[in-house]
Asks: 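Okay, handing you the structure first.
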2 protein chains.
Amino acid sequence: MATIYQVSELAGVSLATVSRVMNGGTRVSEKTREKVTKAMETLNYRPSSIARSLASNCSNSVGILVSELHGPIYGAMMSGIEKQLRTAGKHVIIAAGHSDADSEKDGIEFLIDRNCDALILHVEAVSDEYLIELAKTQHAFILINRYIPQIADNCISLNNRRGGYLATKALLENGHRDIAYISGPLWKMDASDRYFGHQEALSEFGITCNDALLSEGNFQEEGGNECMLALLDKNIPFSAVVCANDEMAAGAMQAARDRGMAVPNDISVMGFDNVLLAQYMYPKLSTVNYPVQDMGKMAASWILKNIYQANQPEISHVFEPELVWRDSVISL
Amino acid sequence: MATIYQVSELAGVSLATVSRVMNGGTRVSEKTREKVTKAMETLNYRPSSIARSLASNCSNSVGILVSELHGPIYGAMMSGIEKQLRTAGKHVIIAAGHSDADSEKDGIEFLIDRNCDALILHVEAVSDEYLIELAKTQHAFILINRYIPQIADNCISLNNRRGGYLATKALLENGHRDIAYISGPLWKMDASDRYFGHQEALSEFGITCNDALLSEGNFQEEGGNECMLALLDKNIPFSAVVCANDEMAAGAMQAARDRGMAVPNDISVMGFDNVLLAQYMYPKLSTVNYPVQDMGKMAASWILKNIYQANQPEISHVFEPELVWRDSVISL
DNA sequence: AACATAAATGTAAGCGCTTTCATTTGGTTT
DNA sequence: AAACCAAATGAAAGCGCTTACATTTATGTT
C-alpha cells in the first residue's frame with residue numbers, strides 16, 4: 001500500500017502538497033496538481049482513512065443504533081440513512097439495541113468509542129434523562145422516532161397520535177362504532193401516542209372509549225393473535241379492530257379466521273406502519289403509512305448539515321402519517 | 001477526552017505500561033495493573049480506536065456488503081453477523097450493492113478504503129473472475145450465498161439446488177404432476193440452481209420438464225404476480241406452482257385469486273426462503289427454509305477464526321435447506 | 001555475596017496523515 | 001532594477017496509540 005510519502009517522493013513535492021491536492025481546499029498550482037495526481041495514479045494510492053481520522057480528528061463515520069437489524073421498519077430506515085450518507089462519502093457503523101436499556105447504552109458507548117462523528121439513534125428503552133444528559137456531552141446525535149421536548153432539535157419523529165387518529169377516524173367515517181384496539185406495549189411512547197390518537201377520534205365522534213376493548217400487545221404477530229383472541233373472548237361485539245402495527249394486524253386476522261370470522265366481511269382490520277408485508281397480506285391491509293425511509297434520510301441530512309457542514313435542504317422534525325386504503329376494511 | 005498519556009502520568013508509569021494493561025498480553029505486576037486501572041477509571045479513559053488502529057494496523061472492523069439494507073433476507077443475515085461480531089468487540093460497517101456490478105465494486109472499494117480487516121460480501125452482479133482476483137490481494141473476505149469453486153474456502157452458501165429439489169419433490173409426492181415454476185432472474189446463480197433442482201425432481205418422477213411452464217420473474221411480488229398471470233394465460237393446466245422466493249409466491253397467490261382461483265384448493269403454491277412474511281400470509285405459505293441468519297453467524301465465525309485468531313467451532317461452508325409445511329399446498 | 005536469569009518497566013521510533021508557520025517563488029509596481 | 005506582495009510550497013510538530021529494544025528490578029543459584 002502506497003503512502004502519502006511515496007507519492008510526494010515520486011511527484012517531487014512535499015507531503016503537505018500532496019495532502020493539499022487530496023483535500024482540495026487550499027490553492028495548488030495546476031502543474032503540481034497534475035504531477036501529484038499522476039503520481040497517485042501510477043502508485044494506485046489510496047489514502048488511509050484511519051490516519052486521516054487520527055490527524056484530523058474526524059472519522060467520517062456515523063453510528064446507527066436500531067432496535068433490530070431485521071424487521072421491515074429498521075430495514076427501511078437504515079436503507080434511507082445509508083443511501084444518503086454513502087453518497088456523501090461517510091460510512092455507517094451499525095449496532096443493535098434490542099429494546100433493552102442496558103443493551104442500548106452499551107450500543108451507544110460502543111459507537112462513541114468507535115469515534116463516530118455523530119450518532120443516529122432509534123432507542124426505546126433508555127430514559128429521556130439519559131438522552132438529555134447525553135446531549136450535554138460533546139457527542140452529537142439525532143433521535144429517530146422519539147420526541148423529547150428538551151432536545152427537540154435532536155428529534156425526528158412521526159406524529160403517532162395523528163396516525164392513531166387517522167386510523168380510527170377512517171373506521172368511524174365508514175360507519176363503524178364498536179372498535180377494538182390492539183396496542184403496542186404502552187410504556188413505549190409511540191404505542192401510547194397511537195392509542196391517544198385513537199381515543200381522540202372516538203371522542204370526536206361522541207363515543208366513550210371502552211377500556212374493555214383495549215388489549216395490550218407486543219408489536220408482534222403472535223401478540224396480535226393473542227390479543228384478538230382475548231378480545232373475542234370477552235363477548236363484547238365489535239365490527240372493527242385497529243392494530244398498532246401491521247404485524248399485529250396479521251396476527252389478529254389470523255385469530256379472527258381461526259374463530260370462523262371472515263375479514264373484512266365479519267370484521268374490519270386496520271394496521272399501522274404500512275410495511276411491505278401489508279400489501280402481501282390477504283386481504284391487503286388498510287393501514288397508516290409511516291414514512292420511515294424518508295425519516296432515515298432526513299436524519300442523515302441533519303447530520304450532514306450540522307456535523308459536516310454540507311448544505312442540505314430544510315430539516316423537518318415531525319413527519320405526518322397518511323391513511324392507506326386497501327381491502328381489509330369495509331364500509332358498514 | 002483523556003489520553004493514554006494522562007493516564008500514565010496519573011498512575012506514575014510509562015505509556016507502554018498503560019498500553020500493556022489495556023491489551024492484557026504481556027505480564028504486568030498486580031500492583032501497577034491496579035494503579036493503572038484506577039487511573040483509567042478516575043479519568044474515565046476511553047482508548048481511541050482510531051489511534052489504536054493506526055498503530056496496530058488493525059481496525060477491528062469488518063465490512064458488510066449486502067444487496068439491500070431492507071428486505072427480510074438481508075435483515076436476518078446482518079442480524080446474525082452483528083450479533084456474533086459485536087460480542088467479540090468488532091464493529092460492523094455496512095454498505096449496499098443494489099445488485100449492480102459497478103455499485104458492488106464501489107461498495108467493496110469503499111469498505112476496503114475504510115480499513116476493514118475483512119469483508120463479508122453478498123454480491124450478485126460482480127463476476128467470478130473479479131472475486132477470484134480479489135482473493136489474490138491481501139484483502140480477506142467471505143462470500144455469502146455464492147459458491148465459486150476456485151475460492152471455495154471463501155464461500156458460505158445454501159444448497160439451492162437441493163432446495164429447489166425439495167420444493168418440487170414435496171409437490172410431486174402429494175400427487176401434483178403439472179407443476180409450473182416461477183423463477184428468479186436466471187442469470188443469478190441461486191435462481192438457476194433452484195430451477196435445476198426443480199428439474200431434477202421432475203425427472204426423478206419421470207416427468208419431462210415443460211418449458212412453457214417456466215416463467216422468469218424478478219424475485220419481487222409484482223414479478224410473481226405478472227408471471228402467474230402469464231402462466232395462466234397460456235391455458236396449459238397446472239395444479240401447483242413453485243416460486244423461487246416467498247415474495248413472488250405472494251404475488252402469484254394474488255394473481256390466482258384475481259382470476260377467481262382459490263389457494264390452495266384450485267392451485268397449490270410453494271415458496272422459497274421462509275421469510276417472516278411466509279407465516280403472515282393467508283393461507284400460510286409452504287416453503288423451503290433458508291437459514292440465512294445462521295449463515296450470517298457462520299460468516300462472522302469464519303472471520304473471527306481466520307482473521308482475528310479467535311477460536312471458533314468448525315466452519316460449515318454449505319448449508320442445507322429444509323421443507324416447511326404450511327397451508328398453501330394441498331394433497332391431490 | 002556475587003552473579004545469572006527472568007520479570008517488569010521505560011524509551012523512543014514509528015503508524016500515515018493534517019495543519020501551522022516559515023520560506024520560497026514569481027509577478028507587479030514604481 | 002529594487003521593492004513589495006500574494007500565491008505556492010516546504011518543514012516539522014503533532015494526532016493517540018503500539019511495539020521493538022533497552023534498562024531496571026526482583027528472584028534464584030551457588
Side-chain angles (χ1 to χ4, degrees), chain A residues 1-40 43-61 89 91 112-117 138 308-309, chain B residues 1-40 43-61 89 91 112-117 138 308-309:
Chain A
M1 206 81 261
T3 75
I4 196 178
Y5 178 72
Q6 303 173 35
V7 173
S8 78
E9 230 177 3
L10 211 185
V13 298
S14 72
L15 289 192
T17 303
V18 178
S19 177
R20 281 181 192 110
V21 348
M22 279 205 302
N23 297 300
T26 26
R27 309 202 46 69
V28 178
S29 82
E30 204 43 52
K31 246 193 306 188
T32 56
R33 158 168 276 109
E34 260 170 39
K35 273 193 303 187
V36 171
T37 312
K38 220 182 58 201
M40 295 204 290
L43 287 175
N44 190 24
Y45 168 72
R46 338 286 307 258
S48 151
S49 65
I50 296 282
R52 217 197 262 239
S53 297
L54 183 60
S56 68
N57 194 31
C58 162
S59 67
N60 280 310
S61 71
H91 63 291
I112 289 177
D113 283 355
R114 251 50 211 187
N115 285 283
C116 293
D117 297 329
Q138 76 281 38
Y308 297 117
Q309 283 77 40
Chain B
M1 205 82 258
T3 74
I4 196 177
Y5 177 71
Q6 304 174 33
V7 173
S8 76
E9 230 177 2
L10 211 184
V13 299
S14 73
L15 289 192
T17 303
V18 178
S19 177
R20 282 182 192 109
V21 348
M22 280 205 301
N23 297 300
T26 25
R27 310 203 46 70
V28 177
S29 82
E30 204 43 52
K31 246 192 307 187
T32 55
R33 158 170 276 107
E34 260 171 38
K35 274 193 303 187
V36 170
T37 311
K38 220 182 57 200
M40 294 205 289
L43 287 175
N44 190 25
Y45 169 71
R46 338 287 308 256
S48 150
S49 64
I50 295 280
R52 216 197 262 240
S53 297
L54 183 59
S56 68
N57 196 29
C58 161
S59 67
N60 280 310
S61 70
H91 63 291
I112 290 177
D113 282 355
R114 251 50 211 186
N115 286 285
C116 294
D117 298 329
Q138 76 279 39
Y308 297 117
Q309 283 77 41

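Every chain is numbered from 1 and lettered A, B, ... according to where its sequence line falls, protein lines coming before strand lines. Worth saying up front: this structure is predicted, and the values here are computed from it rather than measured.
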Asks: Is the shortest heavy-atom distance from the side chain of A/Tyr45 to the side chain of A/Ile4 under 4.5 Å?
Replies: yes

Asks: Could you write nucleotides 8-17 of chain C as a row of B, S and -, 5' to 3', where a protein heavy atom under 4.0 Å of any base atom gives B, of only sugar-phosphate atoms gives S, and otherwise -?
Replies: SBBB--BBBB

Asks: Rounded off to whole Å, could you give me the CG-to-P distance for the B/Asn57 and D/dT18 pair?
Replies: 13 Å

Asks: So what is the end-to-end bend of the helix from C/dA1-D/dT30 to C/dT30-D/dA1, with 5 pairs used at each end and the value given to 10 degrees?
Replies: 40°

Asks: State which residues pass side chain to side chain donor-acceptor pair (under 3.5 Å) with B/Asn115; sequence neighbours excluded, sorted by chain then number.
Replies: A/Ser49

Asks: Using the side chain to side chain donor-acceptor pair (under 3.5 Å) criterion, which residues pair with A/Ser53? Sequence neighbours excluded.
Replies: none

Asks: Between A/Tyr5 and A/Val18, is there a side-chain heavy-atom distance shorter than 4.5 Å?
Replies: no

Asks: Output all residues satisfying side chain to side chain donor-acceptor pair (under 3.5 Å) with B/Ser19, sequence neighbours left out; order by chain, then residue number.
Replies: B/Asn23

Asks: Go through the steps to decide whether A/Ser8 and A/Ser14 satisfy the test side chain to side chain contact (heavy atoms under 4.5 Å, CB included), and finish with yes or no.
Replies: CA-CA 5 Å; A/Ser8 78; A/Ser14 72; 5.8 Å; no

Asks: Are the side chains of A/Gln6 and A/Thr3 in touch, meaning some heavy atoms are under 4.5 Å apart?
Replies: yes

Asks: In chain order, what residues pass the side chain to side chain donor-acceptor pair (under 3.5 Å) check against A/Ser48, with sequence neighbours excluded?
Replies: none

